[in-house]
There are 2 protein chains.
Amino acid sequence: MTDGHELAIALRAAYLALHRRSEAAFAALGVTADQFVLLAALDRGDALTQRELARRMSSDPSTVRAMLVLLEQRGLVGRDAHPTDARARTVALTAEGKSVLRQLWAAGESIRAQMLGGLRPEEASTLVAFLTRAARGLTPEAAPGPPISHSPEDQQ
Amino acid sequence: MTDGHELAIALRAAYLALHRRSEAAFAALGVTADQFVLLAALDRGDALTQRELARRMSSDPSTVRAMLVLLEQRGLVGRDAHPTDARARTVALTAEGKSVLRQLWAAGESIRAQMLGGLRPEEASTLVAFLTRAARGLTPEAAPGPPISHSPEDQQ
DNA sequence: TATTGTTATACTCTATAACTATA
DNA sequence: TATAGTTATAGAGTATAACAATA
């Protein structure tokens with residue numbers, strides 16, 4: 001029997017371990033773990049608006065803005081006017097931002113490897129799928145939906 | 001194919017969703033999500049030292065101390081001299097702390113239910129087991145060990 | 001010598017509310 | 001009216017380093 005609290009604590013322990021290891025690995029480059037997540041999200045979808053960036057980071061627009069201010073001071077990101085919406089601003093990595101991001105990927109490589117080290121490839125896929133389903137139940141906009149979906153992703 | 005970053009992002013999204021929902025649910029009682037974790041840990045092992053409490057919370061002793069100061073001001077926990085070790089102090093819930101904790105369990109019940117809602121019972125157990133294995137690879141003291149351990153703890 | 005806890009300090013993330021400008 | 005972003009503000013968690021007291 002697994003109750004919700006047990007899952008919550010396991011989730012917390014895993015996330016905090018990852019976060020702490022990442023902070024340590026990125027510290028030499030002067031970047032926090034959360035800033036890395038932001039930079040990586042930017043790299044995968046350049047010229048995002050701040051709102052879209054916040055959504056992809058599971059974060060808050062005003063939080064993202066605070067982070068962007070810090071990253072802009074460090075010269076890693078730049079903000080420009082949006083081409084069609086004069087209210088919005090687009091965010092993109094600078095050349096130095098791209099360079100630092102490459103170093104961050106390298107610095108975090110062993111962490112990701114160690115996290116996956118205790119899992120077979122199919123198990124890692126299953127873990128991602130289950131995490132996604134657990135998260136879906138927690139997001140506000142998520143309609144309750146069918147109570148238990150024995151969906152095809154269960155292949156593992 | 002699941003790479004480490006994908007897992008990291010899924011883990012982060014699930015944890016942050018849980019954390020945010022918990023903050024909202026506990027706010028009416030004036031307690032944060034992390035403070036709830038501390039109170040729940042105390043309830044399961046009364047009269048812990050601050051160090052042991054920090055370990056069980058996947059947290060840092062000085063962080064725990066800052067949290068304890070806040071909780072002590074609110075009258076939810078008390079600190080007393082350790083019976084045998086004069087350096088240490090034991091931490092325990094006060095009567096009011098126990099009362100508030102009961103309300104917190106009730107306030108968080110639907111969150112835990114929704115998190116488990118998209119998973120069958122065996123899937124929830126598997127999720128906890130996989131999270132634990134992923135976290136084990138990330139803890140500093142963890143010796144690398146056998147690359148893939150199909151250990152007996154994987155039962156249920 | 002090592003360990004428990006305290007103190008001082010600093011920084012990041014988080015989030016709300018009121019506001020401006022634009023859609 | 002609704003949306004994108006800014007500003008001001010506040011608080012919590014995080015962690016390091018130096019320190020005292022005790023083991």
Side-chain angles (χ1 to χ4, degrees), chain A residues 12 15-39 41 47-55 57-74 76-77 79-91 140, chain B residues 12 15-39 41 47-55 57-74 76-77 79-91 140:
Chain A
R12 183 185 139 99
Y15 172 73
L16 289 180
L18 170 64
H19 195 264
R20 209 161 277 145
R21 286 288 308 275
S22 302
E23 290 282 4
F26 300 151
L29 290 156
V31 172
T32 68
D34 290 298
Q35 287 169 354
F36 166 71
V37 172
L38 190 157
L39 294 173
L48 298 171
T49 65
Q50 296 187 26
R51 273 198 123 69
E52 178 59 17
L53 185 55
R55 199 190 59 73
M57 289 184 61
S58 312
S59 196
D60 183 274
S62 79
T63 300
V64 166
R65 188 204 171 249
M67 297 175 69
L68 286 174
V69 168
L70 292 174
L71 291 169
E72 203 167 21
Q73 284 170 358
R74 303 209 40 239
L76 304 185
V77 307
R79 287 185 286 173
D80 292 300
H82 191 280
T84 66
D85 186 339
R87 295 171 306 181
R89 302 178 72 172
T90 60
V91 188
Chain B
R12 182 186 139 98
Y15 172 74
L16 289 180
L18 170 64
H19 195 263
R20 209 160 278 144
R21 285 291 306 277
S22 302
E23 289 283 4
F26 299 152
L29 290 156
V31 171
T32 69
D34 290 299
Q35 288 169 355
F36 166 71
V37 172
L38 191 156
L39 295 173
L48 298 171
T49 65
Q50 295 186 28
R51 270 199 125 67
E52 177 60 17
L53 186 55
R55 199 191 59 75
M57 288 184 62
S58 313
S59 195
D60 183 274
S62 80
T63 300
V64 166
R65 188 205 171 249
M67 296 176 70
L68 286 174
V69 168
L70 292 174
L71 290 169
E72 203 167 21
Q73 284 170 358
R74 303 208 41 239
L76 304 186
V77 307
R79 287 185 285 174
D80 292 300
H82 190 280
T84 66
D85 186 338
R87 295 171 306 181
R89 302 176 71 173
T90 60
V91 188

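These numbers were taken from a predicted model, which means no experiment stands behind them.
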Under 3.5 Å, side-chain donor or acceptor atoms of residues 65-74 of chain B against the rest of the protein: list the pairs with distances, not counting sequence neighbours.
residue, atom, partner, partner atom, Å
B/Glu72, OE1, B/Arg79, NE, 3.1
B/Glu72, OE1, B/Arg79, NH2, 2.8
B/Arg74, NH1, B/Gly30, O, 2.9

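For DNA chain C, the span of nucleotides reached by chain A at under 4.0 Å from its heavy atoms goes, 5' to 3', from C/dT12 to C/dA23.
By the 4.5 Å heavy-atom criterion applied to side chains, A/Val91 and A/Leu38 are not counted as neighbours. The side-chain heavy atoms of B/Pro83 and B/Thr90, taken from C-beta on, include a pair separated by under 4.5 Å. Contact check for A/Met57 versus A/Thr63: no side-chain heavy atoms found under the 4.5 Å cut-off. Here the side chains of B/Arg89 and B/His82 are not in contact, with every heavy-atom distance at 4.5 Å or above.
No donor-acceptor pair closer than 3.5 Å links the side chain of A/Arg51 to the backbone N or O of A/Ala88.
Partners of B/Arg55 according to the salt bridge (charged side-chain N to carboxylate O under 4.0 Å, His left out) rule, which considers only residues two or more places apart in sequence or in another chain, are B/Glu52. Under the salt bridge (charged side-chain N to carboxylate O under 4.0 Å, His left out) criterion, B/Asp60 pairs with no residue, sequence neighbours left out.
Taking every heavy atom of both residues into account, B/Ala41 and B/Leu53 meet most closely at CB-CD1, 4.0 Å.
The aromatic rings of B/Tyr15 and A/Tyr15 sit parallel, their planes meeting at an angle under 30°, below the 60° perpendicular limit.
Rounding to the nearest 0.5 Å places CD of B/Gln50 at 12.0 Å from OG of B/Ser59.
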All N/O contacts under 3.5 Å from nucleotides 19-23 of chain D to the protein, with atom names and distances to one decimal?
residue, atom, partner, partner atom, Å
D/dA23, OP1, B/Ala86, N, 3.2

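The interatomic distance linking A/His82 (NE2) with D/dT3 (P) rounds to 16 Å, in whole Å. Computed from coordinates, the A/Arg55 CZ to D/dT3 C1' distance equals 16 Å when rounded to whole Å. Across the protein-nucleic acid pair, B/Arg65 atom CZ and D/dT16 atom C1' stand 15 Å apart, rounded to whole Å. We find that CG of A/Asp60 is positioned 13 Å from P of D/dG5, with the value rounded to whole Å.
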With sugar-phosphate taken as primed atoms, P, OP1 and OP2 and all else as base, the protein-contact string of nucleotides 8-13 of chain D at under 4.0 Å (heavy atoms; B, S, -) is ----SS
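Looking at heavy-atom distances under 4.0 Å, A/Arg20 makes contact with sugar-phosphate atoms alone, never a base.
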